[in-house]
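Encoded as structure tokens, the structure appears first; notes follow it.
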Amino acid sequence: MRRLTRTLTALAAAAALTATGAATTVPASAAAPAVPPPATATAAARPMSMAARLGTLAPSAKVDLIGDNYPAKWRNIPQDSVVDDWNMYNRECVSWAAFTIDRHGESASNYGDAKYWDDNARKHGYRVDNTPTPGSIAQTDAGRYGHVAVVDSVHGSTVTVEDYNWAGDGHYLVHDLNKADFRYLHFYN
């Protein structure tokens with residue numbers, strides 16, 4: 001029954017996201033590819049979203065949001081239609097995280113798919129551990145491409161994050177994650 005409820009909640013959230021074009025509290029997740037799937041790929045051939053894989057929890061009541069400050073030149077055009085300043089496709093989790101890291105004077109340029117970010121961060125001397133802090137990057141190798149998100153706050157066994165493409169649709173989302181499902185990259189904190 002719990003799985004059915006989670007599935008129905010994820011489907012309702014995805015429908016709401018599709019209808020509104022934006023999301024703030026939705027159950028969903030999408031592994032964001034740094035390289036988009038071929039144009040000939042069918043919906044059935046696309047990787048399962050992170051939302052479908054891990055679910056999504058509404059954000060905790062008290063959050064200190066960054067907000068969707070992703071530049072309009074990347075946000076207001078079709079997903080994966082251009083490459084950003086960090087060599088990532090637009091409206092993907094990696095582009096959003098690289099943009100946020102850059103705003104703090106550090107770089108994740110050319111880090112590739114999210115599943116490689118922990119290895120690249122270590123190689124460049126950044127701390128990678130299991131301790132989330134506000135501003136750290138939550139990272140997982142799950143799925144075909146992995147996923148990254150910016151940690152907003154920590155609440156016991158969950159972390160509130162902000163990210164792009166959790167539901168596989170290229171949109172911004174604020175939601176909670178299970179803290180143990182991710183490792184944490186500390187670029188500026």
Side-chain angles (χ1 to χ4, degrees), residues 22-24 29-36 50-51 54 56 59 63-77 79-155 158-189:
T24 54
S29 109
V35 178
M50 292 304 287
L54 298 175
T56 303
V63 293
D64 184 24
L65 299 177
I66 297 169
D68 189 359
N69 60 356
Y70 191 58
K73 68 182 180 179
W74 298 317
R75 180 183 61 232
N76 295 340
I77 60 175
Q79 181 181 12
D80 299 329
S81 62
V82 298
V83 174
D84 66 19
D85 295 347
W86 304 275
N87 202 28
M88 317 278 181
Y89 282 97
N90 68 306
R91 294 175 54 189
E92 295 287 353
C93 65
V94 290
S95 178
W96 160 256
F99 165 72
T100 303
I101 291 164
D102 183 74
R103 291 181 47 110
H104 287 88
E106 298 296 330
S107 178
S109 186
N110 295 307
Y111 267 35
D113 292 334
K115 66 183 177 183
Y116 303 120
W117 276 46
D118 56 333
D119 299 325
N120 286 326
R122 277 188 204 96
K123 183 172 71 175
H124 289 106
Y126 295 107
R127 182 169 49 104
V128 176
D129 59 26
N130 294 320
T131 307
T133 57
S136 62
I137 304 299
Q139 185 271 342
T140 181
D141 294 348
R144 184 171 177 185
Y145 302 105
H147 190 75
V148 290
V150 180
V151 174
D152 173 80
S153 51
V154 182
H155 317 277
T158 63
V159 292
T160 300
V161 298
E162 297 176 64
D163 57 17
Y164 259 77
N165 205 35
W166 180 253
D169 59 5
H171 291 287
Y172 171 79
L173 182 67
V174 177
H175 57 107
D176 280 0
L177 300 171
N178 180 346
K179 181 169 70 173
D181 289 341
F182 292 79
R183 63 189 64 78
Y184 300 91
L185 291 54
H186 303 270
F187 287 89
Y188 51 88
N189 59 359

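For the ring-ring contact (aromatic ring centres under 6.0 Å, His included) test, residues two or more places apart in sequence or in another chain that qualify with Trp96 are Tyr164, Tyr172. With sequence neighbours excluded, no residue forms a ring-ring contact (aromatic ring centres under 6.0 Å, His included) with Tyr116. For Asp84, there are no salt bridge (Lys or Arg N to Asp or Glu O under 4.0 Å) partners at least two apart in sequence or on another chain. A search for ring-ring contact (aromatic ring centres under 6.0 Å, His included) contacts involving Trp86 returns Trp74, not counting sequence neighbours.
Under a 3.5 Å cut-off, the side chain of Glu162 and the backbone N or O of Ile66 do form a donor-acceptor pair. Between the side chain of Asn120 and the backbone N or O of Tyr111, at least one donor-acceptor pair lies under 3.5 Å. Not a single donor-acceptor pair under 3.5 Å links the side chain of Glu92 to the backbone N or O of Asn165.
For the residue pair His147/Asp163, the side-chain donor-acceptor check at 3.5 Å is satisfied.
Side-chain contact check for Tyr145 versus Asp113: some heavy-atom pair is nearer than 4.5 Å. Using a 4.5 Å cut-off on side-chain heavy atoms (C-beta onward), Val174 and Asp152 make no contact. Side chains of His171 and Arg91 form a contact here, defined as non-hydrogen atoms less than 4.5 Å apart. In this structure, the side chains of Met88 and Val83 stay at 4.5 Å or more apart for every pair of heavy atoms. Side-chain contact between Asp141 and Arg183: present, with at least one pair of heavy atoms (C-beta onward) separated by less than 4.5 Å. Phe187 has its side chain out of reach of Thr100: every pair of non-hydrogen atoms, C-beta onward, lies at least 4.5 Å apart. Looking at Thr160 and Val151, their side chains never come closer than 4.5 Å, going by heavy atoms from C-beta outward.
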| query | Can you list the steps and then say if Asn178 with Thr158 is a side-chain contact (heavy atoms from CB on, under 4.5 Å)? | reply | CA-CA 5 Å; Asn178 180 346; Thr158 63; 5.7 Å; no
| said: Run the side-chain contact (heavy atoms from CB on, under 4.5 Å) test on Val159 and Phe182 for me, step by step, so that the C-alpha distance in whole Å, both residues' side-chain angles and the decisive distance to 0.1 Å come before the verdict. | reply: CA-CA 10 Å; Val159 292; Phe182 292 79; 5.8 Å; no
| message | Show, in sequence, the C-alpha distance, side-chain angles and deciding distance for His186 and Val128, and conclude whether the side-chain contact (heavy atoms from CB on, under 4.5 Å) test is met. | response | CA-CA 6 Å; His186 303 270; Val128 176; over 6 Å; no
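Among residues at least two apart or in separate chains, salt bridge (Lys or Arg N to Asp or Glu O under 4.0 Å) pairs with a member in residues 122-131 are Asp118-Arg122, Asp119-Arg122, Arg127-Asp129. For residues 96-111, there are no salt bridge (Lys or Arg N to Asp or Glu O under 4.0 Å) pairs, not counting sequence neighbours.
Minimum interatomic distance between Pro134 and Ser153 (heavy atoms only, all atoms of both residues): CG-CA, 4.5 Å. When all heavy atoms of Asn69 and Arg75 are compared, the closest pair comes out as C-NH1, 4.4 Å. Contact record, Gly146 with Ala114: C-CB, 3.5 Å, taken as the closest heavy-atom pair. The nearest pair of heavy atoms linking Gly135 to Asn189 is C-ND2, 3.2 Å. Nearest heavy-atom pair across Val154 and Pro132 is CG2-O, 3.6 Å. Smallest separation of non-hydrogen atoms from Tyr70 and Asn90: OH-CA, 3.4 Å.
Rounded to the nearest 0.5 angstrom, Leu177 CG and Thr140 OG1 are separated by 9.5 Å. In this structure, NZ in Lys73 is found 4.5 Å from CG in Asp85, a value given to the nearest 0.5 Å.
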